[in-house]
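The structure appears right after this line, and notes come after that.
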Amino acid sequence: MSRLRRFLASMAGRLFVILLVGMMAAAIGATLLADMHRRQEFEHQNLVRIADRLQGFVNLLDGNPELRPRLLAVGGASVREASGEFRIGKEDRALMEILADRDGPVADARVRAAGFRACLAPFPDFLPPRDKAKRPHRPRDPAFIPPRCRLVELRLGDGTPLRLALQYPAMAHDRVFAFDPLFLSLLALAIAALAYGVARIASSPLQRLADAATELGQDLQREPLQVDGPQEVRRAAEAFNAMQQRLQRHLGERTQMLAAITHDLQTPLTRLRLRLENVADEPLRERLVADLAAMQALIREGLELARSAESAEQRVALDLDSLLQSVAEDAVEAGHQVEFEQGCGAVLRLRPLAMHRLFSNLVDNAVKYGHAARIRAEIRDGQVQVRIRDRGPGLAPDELEAVFAPFLRLETSRSRQTGGAGLGLTIARTLAEKNGATLVLRNHPDGGLEAVVAWPSPAWSALRR
């Protein structure tokens, strides 16, 4: 049900409903009109046949005066002389209009509805009387039209008045085709398939543009959007590609500017450090040198943050366990307590240098603030997850997300001997997002802070391809 709600809330779902309802209404309406026209044509042709029979019989009577009594006694096809008492109703204008276009006495005939008794031959005297007991009621079939009787009054060519009983034969119409369940089911199925196909085709460019925008937020160096389809779609793709180029150019200029500033600052900072060595007051000299080192670290990490967002490194098939094992061994060689506990066997398409920097930053952060790190990789709920846990005091709940802000250092919640400029976690999250992953921090139930890098199922599938 939730999938149906999501589909109906999408552009494709709304187009599907609009097309389905509109096309169903149009198809049923057209079918009803066609069926009505067919019925009218059928009734008109039936009246023409009845008029032909009446005209043939009247012409026979008019042309043979000597045989007229015998012909009236015998009658014709559905025509006989009217006699006796019976009910007379309204005029039959449809038949009278057809007869008016004919030659001969029938042109001036007057046709009125009559009780069916007028069209029945008299019963012989030796037949037993009809049982008038009530017969069981049978439901009337709407597709069956019972026989009807008409009284035709006219004058023959010699002025002889004539009253004839004209019988309309019974007819069995086809049932109303537009409301046949099988027909409606097939019609709805065909229209639904067509509407779904049209809705998917119409919404596909918009979905592709949305996917490209999502990927652009993760990777500014992604391939340009393919320019094809209708004119409006091509214009949107061209505008999107132009925006991507402007963003790339803007980010490149920013990185170049930071690199230039960093390069230009190296010379005065070096001179400043050399001059600080001549400061006689040793405690003051140490504080000034520490401030200078912090300034250099801040510049270096700021440049690294800019480069992490601009990196054009290509994705390759990467064994995640091998990468994590390498990061753990590097940390052990540097004298830290780092253990790679478990692998998951996943092979993803990732940027090797970016991922090495990501996990190295997380391990360094765990070692710096928690004194040790344990690394685990696993597949859980369709996700590939890498967990890096330390032995530190953890963070307050409102600080778990705040630490990702640039230049933020929470000295009161972690070790006071930190160093750095507060950009490590910011860089790590940027690298994770550029590789289709998410990075979150949480306090482990058994103590310590745990960093979780996870690739959701769709992103994992896309990276595997």
Side-chain angles (χ1 to χ4, degrees), residues 218 301 304-305 308 311 313-395 400 403-404 413-415 417-420 423-457 459-464:
Q218 300 174 353
E301 290 192 17
E304 185 179 356
L305 175 61
S308 67
S311 174
E313 184 183 5
Q314 297 298 316
R315 297 178 188 268
V316 297
L318 185 63
D319 186 341
L320 189 59
D321 295 345
S322 298
L323 174 65
L324 296 175
Q325 182 70 43
S326 174
V327 172
E329 291 175 354
D330 293 342
V332 171
E333 291 178 359
H336 302 302
Q337 297 183 21
V338 178
E339 180 184 359
F340 179 60
E341 294 183 336
Q342 174 184 317
C344 64
V347 177
L348 308 179
R349 293 188 61 83
L350 303 171
R351 298 179 173 89
L353 296 179
M355 298 309 298
H356 191 279
R357 188 183 307 137
L358 163 64
F359 292 120
S360 295
N361 282 2
L362 294 178
V363 170
D364 291 343
N365 193 72
V367 170
K368 185 180 300 181
Y369 300 118
H371 313 296
R374 287 184 288 182
I375 306 174
R376 294 173 58 91
E378 59 185 355
I379 299 177
R380 178 183 294 183
D381 299 330
Q383 294 184 342
V384 174
Q385 297 182 357
V386 177
R387 302 170 182 269
I388 301 176
R389 178 186 169 193
D390 63 28
R391 297 177 182 174
L395 289 173
L400 293 174
V403 293
F404 289 104
S413 61
R414 308 300 294 241
S415 172
Q417 299 176 353
T418 60
L423 290 175
L425 290 176
T426 304
I427 295 174
R429 172 167 280 187
T430 301
L431 294 173
E433 291 176 349
K434 283 180 65 64
N435 284 268
T438 59
L439 170 59
V440 296
L441 297 179
R442 61 190 181 190
N443 293 313
H444 196 275
D446 297 331
L449 186 70
E450 186 177 55
V452 181
V453 180
W455 283 269
S457 300
W460 179 27
S461 303
L463 289 172
R464 292 181 66 184

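Quick caveat: nothing in here was measured; it's all calculated off a predicted structure.
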> How would you list, by chain and number, every residue that makes a salt bridge (Lys or Arg N to Asp or Glu O under 4.0 Å) with R391, sequence neighbours excluded?
Replying inline: none
>> Test of understanding: with side-chain contact (heavy atoms from CB on, under 4.5 Å), list the residues that count as partners of A377, not counting sequence neighbours.
In response: D321, L324, C344, V386
> How many angstroms lie between CG in D364 and CZ in F359, if you round to the nearest 0.5 Å?
Replying inline: 13.5 Å
>> Test of understanding: with side-chain hydrogen bond (donor to acceptor under 3.5 Å, both in side chains), list the residues that count as partners of R389, not counting sequence neighbours.
In response: none
> Can you tell me how far CG of N435 sits from CG of L358, rounded to the nearest 0.5 angstrom?
Replying inline: 7.5 Å
>> Rounded to the nearest 0.5 Å, what separates atom CD in E341 from atom CZ in R376?
In response: 5.5 Å
> Just how far is it from atom CG of D390 to atom CG of N365, taken to the nearest 0.5 Å?
Replying inline: 7.5 Å
> With sequence neighbours left out, what residues match S360 under side-chain contact (heavy atoms from CB on, under 4.5 Å)?
Replying inline: V327, H356
> Got a sec, which residues hit side-chain contact (heavy atoms from CB on, under 4.5 Å) with L353, two or more places apart in sequence or on another chain?
Replying inline: E313
> What residues, two or more places apart in sequence or in another chain, satisfy side-chain hydrogen bond (donor to acceptor under 3.5 Å, both in side chains) together with E339?
Replying inline: none
> Just by distance, do the side chain of R351 and the backbone of K434 share a donor-acceptor pair under 3.5 Å?
Replying inline: yes
>> Just to verify, what does D319 make a side-chain hydrogen bond (donor to acceptor under 3.5 Å, both in side chains) with, not counting sequence neighbours?
In response: S322
>> Working to the nearest 0.5 angstrom, can you tell me the gap between R315 CZ and L350 CG?
In response: 7.0 Å
>> On a heavy-atom basis, which atom in L362 and which in L425 lie closest, and how many Å separate them?
In response: CD2-CD2, 4.0 Å
>> Run the side-chain hydrogen bond (donor to acceptor under 3.5 Å, both in side chains) test against S326 and tell me which residues pass, sequence neighbours left out.
In response: none
> With sequence neighbours left out, which residue pairs that include part of residues 440-456 fulfil the salt bridge (charged side-chain N to carboxylate O under 4.0 Å, His left out) condition?
Replying inline: R387-E450, R442-E450
